[in-house]
Amino acid sequence: MSEQRPSTGIKRGVFRAVGLCMVAIGALGVALPVLPTTPFLIIAAACFARSSPRLEAWLLDHPQFGPFLREWRARGAIPRRGKILSLVGMTFGFFLFWHFSHPGLLLSLAVLGLMGIGAGYVLSRPS
């Protein structure tokens, strides 16, 4: 809808396949609390913009995910609820990582640092 589609059929097919995979992974994220949904759907929408106007429209018009995707496209915005869920998910994910893998201090700090960068990015986006 908003981005130009590639001219070759192979590129469109690759973008469509990647978009469908991202939707599938995003669907898993609906059921699994540690796996995010929205980033995969953002990637899927970008892939569909380059391959399938029908699938792009389906995703952008989806009653649950469409409003978030449209806001992201328009302003790079993450809703306050999304920010909170993201931070809770990161905290929960770190706890699971720490509890079940018993990492050393260096690895724990590295993972915590990466999650901190992700959290900083999420918090820096407009609501």
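Values reported hereafter were calculated over all heavy atoms of this structure, with side chains retained and with hydrogens, waters and symmetry mates removed. Residues take their numbers from the sequence shown, with the count starting at 1.
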* **CZ on Phe65 to OG1 on Thr37, rounded to 0.5 Å** => 5.5 Å
* Structure fact -> All heavy atoms of Glu56 vs all of Ala49, minimum pair found to be OE2-CB, 3.4 Å
* Structure fact -> Between Gly19 and Ala44 the two heavy atoms that sit nearest each other are O-CB, 3.5 Å
* Structure fact -> Looking only at heavy atoms, the pair that brings Pro103 and Ser108 closest together is CG-OG, 3.1 Å
* To do: Output, in order, the C-alpha distance, side-chain angles, deciding distance and verdict of side chain to side chain contact (heavy atoms under 4.5 Å, CB included) for Arg73 and Leu60.
  => CA-CA 10 Å; Arg73 273 199 179 167; Leu60 293 176; 3.2 Å; yes
* To do: Not counting sequence neighbours, which residues clear salt bridge (charged side-chain N to carboxylate O under 4.0 Å, His left out) with Arg75? List them please.
  => Glu71
* Asked: With a cutoff of under 4.5 Å between side-chain heavy atoms, which Ile, Leu, Val, Met, Phe, Trp and Tyr residues group with Ile84?
  -> Val88
* To do: Describe, in one word, how the ring planes of His62 and Trp58 are oriented to each other, choosing from parallel (under 30°), tilted (30 to 60°) and perpendicular (over 60°).
  => perpendicular
* Do Tyr121 and Met90 sit in the same hydrophobic cluster, where Ile, Leu, Val, Met, Phe, Trp and Tyr count as joined when their side-chain heavy atoms come under 4.5 Å apart? -> yes
* To do: Find out whether Met22 and Leu41 are in side-chain contact, i.e. whether some heavy atom of one side chain is under 4.5 Å from a heavy atom of the other.
  => no
* Single-linkage hydrophobic cluster Leu85~Trp72, side-chain heavy atoms < 4.5 angstrom -> no
* To do: Kindly indicate, with the supporting measurements, whether the criterion side chain to side chain contact (heavy atoms under 4.5 Å, CB included) is fulfilled by Val23 and Phe48.
  => CA-CA 10 Å; Val23 168; Phe48 293 152; 3.8 Å; yes
* To do: Quick one: pull up SG in Cys47 and CG in Leu55 and give me the separation to the nearest 0.5 Å.
  => 11.0 Å
* Single-linkage hydrophobic cluster Leu59~Ile78, side-chain heavy atoms < 4.5 angstrom -> yes
* Asked: If only atom types and distance count, is the side chain of Thr91 paired as donor or acceptor with the main-chain N or O of Leu87 below 3.5 Å?
  -> yes
* Asked: What is the distance from atom OG1 of Thr38 to atom CD1 of Ile43, rounded to the nearest 0.5 Å?
  -> 11.0 Å
* Interatomic distance, Leu112 atom CG to Phe97 atom CZ [nearest 0.5 angstrom] -> 9.5 Å
* When clusters are formed by joining ILVMFWY residues with side-chain heavy atoms under 4.5 Å apart, either directly or through shared neighbours, do Val122 and Phe68 land in the same one? -> no
* **Arg125 (side chain) donor-acceptor with Gly76 (main chain) under 3.5 angstrom** => yes
* To do: Check whether Trp98 and Met115 end up in the same hydrophobic cluster, where Ile, Leu, Val, Met, Phe, Trp and Tyr are linked by side-chain heavy atoms less than 4.5 Å apart.
  => yes
* **Atom of Ser51, atom of Arg12 and distance for their closest heavy-atom approach** => CB-O, 3.2 Å
